[in-house]
2 protein chains.
Amino acid sequence: MISATSENYLKTIHAIGGSEHSISLGALARALNLTPGTVTTMARQLADNGLVHYLPRRGIRLTDLGRTTAIQIIRRHRIIEVFLADTLGMPASDIHPEAEILEHAFSNHVINLLDKFLDHPAFDPHGSPIPEASGHIRTTSLKPLTQRPEGHRYLIHRFTRNDAEFTEWLATFGFTIGTTIGFHKWDRITGIVTLETAGGRRIQVGESAASSLLVE
Amino acid sequence: MISATSENYLKTIHAIGGSEHSISLGALARALNLTPGTVTTMARQLADNGLVHYLPRRGIRLTDLGRTTAIQIIRRHRIIEVFLADTLGMPASDIHPEAEILEHAFSNHVINLLDKFLDHPAFDPHGSPIPEASGHIRTTSLKPLTQRPEGHRYLIHRFTRNDAEFTEWLATFGFTIGTTIGFHKWDRITGIVTLETAGGRRIQVGESAASSLLVE
DNA sequence: TTGAGCATTTTGATGAATCAAAGTATCGCC
DNA sequence: GGCGATACTTTGATTCATCAAAATGCTCAA
Ligand SMILES: [Mn+2]
Ligand SMILES: [Mn+2]
Ligand SMILES: [Mn+2]
Ligand SMILES: [Mn+2]
């Protein structure tokens, strides 16, 4: 059995790119808020368990087993978040810390039953895709708003800026996940993007804010 | 924050009577499947945290704080069991080991929301009473059929499973509130309970169905 | 090409939870 | 009242996860 600590390492390694390429232990230590020495010790232990490839002073990278395991944890985390928000009615801003703990306690078996009960949701309440039981991650055609042509409306799928103040502000204009947003104009000189609500009202935001909206 | 290990000690102390009277560390060690030395060490630690009264060589007993904490853990455990059985459809025989882990990961806050979602169940799928959020344990002379001795007839008082199909099915055998029911046999291996109608006819149901009959 | 600066590893310590085995207290029996 | 069996505690280890601080190695800029 793998410890909650190891599971959190795997998830973090995955999150900072360690599935595709080798990452430095320093970057991992920063992401986990641990001292470098602690992470060095753990890197050796994860390697002994076949979860990462570790070359001293060169970094670590998930093995196939490590990646599969990380994706299962992410799947558990996101299904739990759907349950907390949709079934129990918790605000989306409160669910993450609870899921961070529960993800280590739910067995994959119970998670599959919960997934069925929730009717196999594809996205968590923050808009991140939920991996399938097989480990497959649905690839979508989601792109930041700023990578779409102007003058059209798009379906809002996800906010990459996970900041309650920002999403609540957007919600006051009716911009929530599942609704559409009008991309009116992007003034490249000033860096100001003009959005359009369903009612035709024009709102201006900076281009970095606009790029944190993933749309389809 | 209290560790999962401490929580399991508290629950076990409570289960073997340590809420009412002092229990020996030997009895606790046997109940927890740990060596006596381990339990001695932990007893001192629990006492330091104000959870038990510990007199060396005389035994331990829960403090008020320890009892309150134990009852919260039991509440979480039993609500989780109702969720696993009733909402996710797991067989009652499979739910306990999962609940044994999940009880340490669910916060009391989430448990209260889950309790509301489940409509404040009074008993878990094994028929044990679920403590209220206040810590109060409903005392009643009503007990689930499965907590009565076999080979007798009992007065049906209430169904804890509020499902018309089930109660209508029971009614076809004359099992309605105010009538008597024979508790013939409970096969713990298969989980099948054999009931007896007023006319002596034998009916078989699962133990979770049987435990939803509150009798006197 | 070389050393200074930074990243990484090593070393020595800590606290939690556990065990095995050695030491000690208590209780009941003679 | 003493003695032995039994119950309990202590001691010395181990594993996991962590830190602080010392040692080491790598890289880049002069
Ligand atoms: Mn999350
Ligand atoms: Mn976590
Ligand atoms: Mn149980
Ligand atoms: Mn437990």
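Each chain gets a letter, A, B and so on, in the order the sequences are listed, and its residues count up from 1.
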Margin query: Between S22(A) and I60(A), is there a side-chain heavy-atom distance shorter than 4.5 Å?
Written below: no
Notebook entry, point to check: Side chains of F123(B) and P121(B): closer than 4.5 Å at any heavy-atom pair?
Noted result: no
Check: For R58(B), which contact category applies under a 4.0 Å heavy-atom criterion: base, sugar-phosphate, or nothing?
Finding: nothing
From [atom1] of [X] over to [atom2] of [N], roughly how many Å is that when rounded to an integer?
X: R44(A); N: dT15(D); atom1: CZ; atom2: C1'; value: 15 Å
X: D48(B); N: dG15(C); atom1: CG; atom2: P; value: 13 Å
X: I60(A); N: dT8(C); atom1: CD1; atom2: P; value: 11 Å
X: L55(A); N: dC26(D); atom1: CG; atom2: P; value: 13 Å
X: N49(A); N: dT15(D); atom1: CG; atom2: P; value: 14 Å
X: M42(A); N: dC19(D); atom1: CE; atom2: C1'; value: 15 Å

Within less than 4.0 Å of OP1 or OP2 of [N], is there a side-chain N or O belonging to [X]?
X: Q45(A); N: dA17(D); value: yes
X: Y9(A); N: dT18(D); value: yes
X: Y54(B); N: dC8(D); value: no
X: S3(A); N: dA17(D); value: yes

Item checked: Side chains of H77(A) and D124(A), donor plus acceptor under 3.5 Å -> no
Notebook entry, point to check: For the residue pair F117(A) and F117(B), does the interplanar ring angle fall in the parallel (under 30°), tilted (30 to 60°) or perpendicular (over 60°) class?
Noted result: perpendicular
Note to self: Ring-plane angle category for F173(A) and W169(A), please: parallel below 30°, perpendicular beyond 60°, tilted otherwise.
What the structure shows: perpendicular
Check: Of the nucleotides dT9(C), dT18(D), dG23(C), which one has an atom closest to the side chain of R57(B)?
Finding: dG23(C)
Check: Where along residues 18-40 of chain A does a heavy atom fall under 4.0 Å from DNA chain C?
Finding: S24(A), L25(A), G26(A), P36(A), G37(A), T40(A)
Notebook entry, point to check: Out of R76(B), H120(B), R78(B), which residue meets the side chain to side chain donor-acceptor pair (under 3.5 Å) rule with D115(B)?
Noted result: H120(B)
Note to self: Measuring centre to centre across the rings, with the benzene-like ring taken for any Trp, is F106(B) within less than 6.0 Å of F83(B)?
What the structure shows: no
